[in-house]
Amino acid sequence: MLSWVGKRPLREVRSFPAQLVERFAPPTPAGVVSDAVDWSDWPDRFDRSGLLFHGDNKEVLAHLLANGFRGKVDLVYIDPPFDSGADYVRKVQLRGASGSARLDGTDYTLGEQIQYTDIWANDTYLQFMYERLLLLKELIRESGVIYVHSDHRKDHHLRMLLDEVMGAENYLNTVSWRSQVPRGAKVTAFFYPYSTHFIHIFAKNKAAPPTWNPQKKQIRMTEEEAERDYSKDDGGYFRTSDPGTYSFDSLRRLHQERRLYVTKGGEVVVDEQRRVVHTTKGTIGIKYYLRPDGKGGYVTERAIDNLWEDVPGLGTTPGEDLGFPTQKTEGLLRRVIAAASNPGDIVLDCFI
């Protein structure tokens, strides 16, 4: 259990009423009926549209708990402050101006706007996150999960906070995301540049079990790349993998499909009596073939593990850049939402 100066449990949070400021119905194609919701009867119909709150997220979370959302959230993704010791400034493009405008006689730039201050005194950061994680746990349903995004500064502290709040037994995984590639000053950084973010994943109740939609990625390659990196037989280009805990029935079926490979020139032996598959010599591997893409190349699918190098950061997707200093890419959020929720589920980001 992590301790810090001023650590205290969250015994009470005041809930304030939310004031409706604006309704927004997204445009719909001609002939399509919009499913925009009249929020006067929420939360009974919160599964059909979105809510955006402006305010201190501690008070907003208390408001959600007091108004029907306790145990209703399927997925929480948060990208909280990292205790970076910096003020984050957003560049603002003024309407009608080609760039940053300056007031006559001053050095004040209208094209910048402070978004938030990520400077914390002593252990206030830990108490800040502790209180919000306690509230989030109450909002998550039994089959729900929470993804907590961080970098190297507080990654270890947040993991310990999550162990305490969510329970170490409900830990699922930690994703390492390559958020950028070394460039500029990072190229000459002392003792390796920082290019990785981390996302800790915890279940509300691992035994529930939590929602999980395994994700796969497609890898495309040319004939030359396949020839260089893969083996080849009558069935095409392939790679092999250790059979691990495959059952006798599975190995027998794969052998019938000619998908077992034996090293050192050995042969497969299927012992029906002992229900064992072994070899005369060498070891068994399972063949995974490339699939022709119809365009002269090949494609294969691989399971996505906890090393995410295929989701680009903002630096390599400038078309998404809105000028917000700690913005994350759509691809990152798309993967999280697809893996840990289903259509119609409630997804919450209280550090939006």
Side-chain angles (χ1 to χ4, degrees), residues 1-2 4 6-26 35-81 115-117 120 123-150 158 161-167 170 172 200-208 210-211 333 336-337 340-352:
M1 182 177 293
L2 188 64
W4 60 87
K7 182 176 183 179
R8 60 192 180 278
L10 187 63
R11 301 192 184 280
E12 182 180 21
V13 180
R14 181 174 295 182
S15 172
F16 296 96
Q19 299 177 353
L20 177 63
V21 175
E22 181 182 12
R23 285 190 177 93
F24 176 75
D35 63 350
V37 173
D38 178 2
W39 284 95
S40 60
D41 61 351
W42 75 286
D44 295 333
R45 299 173 66 185
F46 62 66
D47 59 333
R48 295 185 57 207
S49 188
L51 282 174
L52 179 64
F53 291 91
H54 179 260
D56 186 317
N57 61 2
K58 181 178 175 180
E59 295 173 355
V60 173
L61 293 174
H63 175 78
L64 293 175
L65 283 169
N67 286 274
F69 283 91
R70 183 182 297 271
K72 297 289 180 64
V73 175
D74 298 275
L75 167 63
V76 171
Y77 166 85
I78 57 173
D79 178 24
Q115 295 296 287
Y116 68 92
T117 296
W120 304 81
D123 290 342
T124 54
Y125 176 84
L126 296 176
Q127 185 65 30
F128 173 89
M129 290 302 305
Y130 183 53
E131 293 177 355
R132 283 148 182 82
L133 290 174
L134 288 169
L135 291 170
L136 286 168
K137 181 182 180 182
E138 296 302 311
L139 287 164
I140 301 173
R141 69 168 69 244
E142 283 298 294
S143 59
V145 292
I146 181 171
Y147 283 57
V148 178
H149 194 131
S150 66
L158 290 172
L161 286 179
L162 286 162
D163 278 344
E164 179 179 340
V165 174
M166 302 299 296
N170 291 314
L172 295 175
H200 295 302
I201 310 171
F202 277 73
K204 174 68 173 289
N205 178 5
K206 191 174 181 179
T211 299
L333 276 297
V336 170
I337 293 170
S341 67
N342 296 310
D345 282 356
I346 308 305
V347 180
L348 171 63
D349 177 2
C350 67
F351 284 93
I352 197 167

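On a predicted model such as this, the values are computed, not experimentally measured, just so you know.
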>> Test of understanding: with ring pair (Phe, Tyr, Trp, His ring centres under 6.0 Å), list the residues that count as partners of Phe351, not counting sequence neighbours.
In response: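 Once residues adjacent in sequence are excluded, Phe351 has no partner under the ring pair (Phe, Tyr, Trp, His ring centres under 6.0 Å) criterion.
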>> Tyr130: which residues meet the ring pair (Phe, Tyr, Trp, His ring centres under 6.0 Å) condition with it, sequence neighbours left out?
In response: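 In terms of ring pair (Phe, Tyr, Trp, His ring centres under 6.0 Å), with neighbours along the sequence ignored, Tyr130 is linked to Trp4.
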>> Less than 4.5 Å apart, side chain to side chain, heavy atoms only: is that true for Leu136 and Ile146?
In response: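 Yes, their side chains come closer than 4.5 Å.
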> So do the side chains of Leu333 and Tyr77 get within less than 4.5 Å of each other, counting heavy atoms only?
Replying inline: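 Touching, per the 4.5 Å side-chain cut-off.
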Is the side chain of [X] donor-acceptor paired with the backbone N or O of [Y] at a distance under 3.5 Å, no angle test?
{"X": "Lys72", "Y": "Ile140", "answer": "no"}
{"X": "Gln127", "Y": "Arg8", "answer": "yes"}
{"X": "Arg70", "Y": "Ala66", "answer": "no"}

Indicate the atoms forming the closest heavy-atom contact of [X] with [Y], along with that distance.
{"X": "Pro210", "Y": "Gly144", "value": "CB-O, 4.4 Å"}
{"X": "Asn342", "Y": "Thr211", "value": "ND2-CG2, 3.6 Å"}
{"X": "Leu158", "Y": "Ser150", "value": "CD1-CB, 3.5 Å"}
{"X": "His63", "Y": "Ala18", "value": "CE1-N, 3.3 Å"}
{"X": "Glu142", "Y": "Ala208", "value": "O-CB, 3.3 Å"}

> Stepwise, does the salt bridge (charged side-chain N to carboxylate O under 4.0 Å, His left out) test hold for Glu59 with Arg14?
Replying inline: CA-CA 7 Å; Glu59 295 173 355; Arg14 181 174 295 182; over 6 Å; no
> Nearest 0.5 Å, what's the CD-CG distance between Glu138 and Leu10?
Replying inline: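 Atom-to-atom, Glu138:CD and Leu10:CG are 10.0 Å apart.
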> What distance do Met166 atom CE and Leu134 atom CG have between them, rounded to the nearest 0.5 Å?
Replying inline: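 Those atoms lie 10.0 Å apart.
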> What residue among Val76, Leu161, Leu162, Asp79 forms side chain to side chain contact (heavy atoms under 4.5 Å, CB included) with Val148?
Replying inline: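 By the side chain to side chain contact (heavy atoms under 4.5 Å, CB included) criterion, Val148 pairs with just one of Val76, Leu161, Leu162, Asp79: Leu162.
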> When you check the gap from the basic side-chain N to the acidic O, do Asp74 and Lys204 get nearer than 4.0 Å?
Replying inline: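 No.
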>> What I want to find out is whether Lys7 reaches Glu164 closely enough, with some N-O distance under 4.0 Å, to be called a salt bridge.
In response: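 Salt bridge: yes.
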>> Walk me through whether Cys350 and Ile78 qualify under side-chain contact (heavy atoms from CB on, under 4.5 Å).
In response: CA-CA 6 Å; Cys350 67; Ile78 57 173; 3.8 Å; yes
> Can you check side-chain contact (heavy atoms from CB on, under 4.5 Å) on Glu22 and Leu52, steps first, answer last?
Replying inline: CA-CA 10 Å; Glu22 181 182 12; Leu52 179 64; over 6 Å; no
> Does the pair Arg141 and Asp345 meet the rule for a salt bridge (charged side-chain N to carboxylate O under 4.0 Å, His left out), with working shown?
Replying inline: CA-CA 11 Å; Arg141 69 168 69 244; Asp345 282 356; over 6 Å; no
> Which is it for Phe53 and Leu64 under the side-chain contact (heavy atoms from CB on, under 4.5 Å) test, yes or no, and what are the steps along the way?
Replying inline: CA-CA 10 Å; Phe53 291 91; Leu64 293 175; 3.8 Å; yes
>> Testing the 3.5 Å rule here: is there a donor-acceptor pair between the side chains of His200 and Tyr147?
In response: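 No, no side-chain donor-acceptor pair sits under 3.5 Å.
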>> With a sphere of 6.0 Å drawn around CD1 of Ile352, does it hold more than 12 non-hydrogen atoms of other residues, nucleotides or ligands?
In response: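 No, the 6.0 Å shell around CD1 holds no more than 12 heavy atoms from other groups.
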> Can Asn170 and Asp163 be said to form a side-chain contact (heavy atoms from CB on, under 4.5 Å), step by step?
Replying inline: CA-CA 8 Å; Asn170 291 314; Asp163 278 344; over 6 Å; no
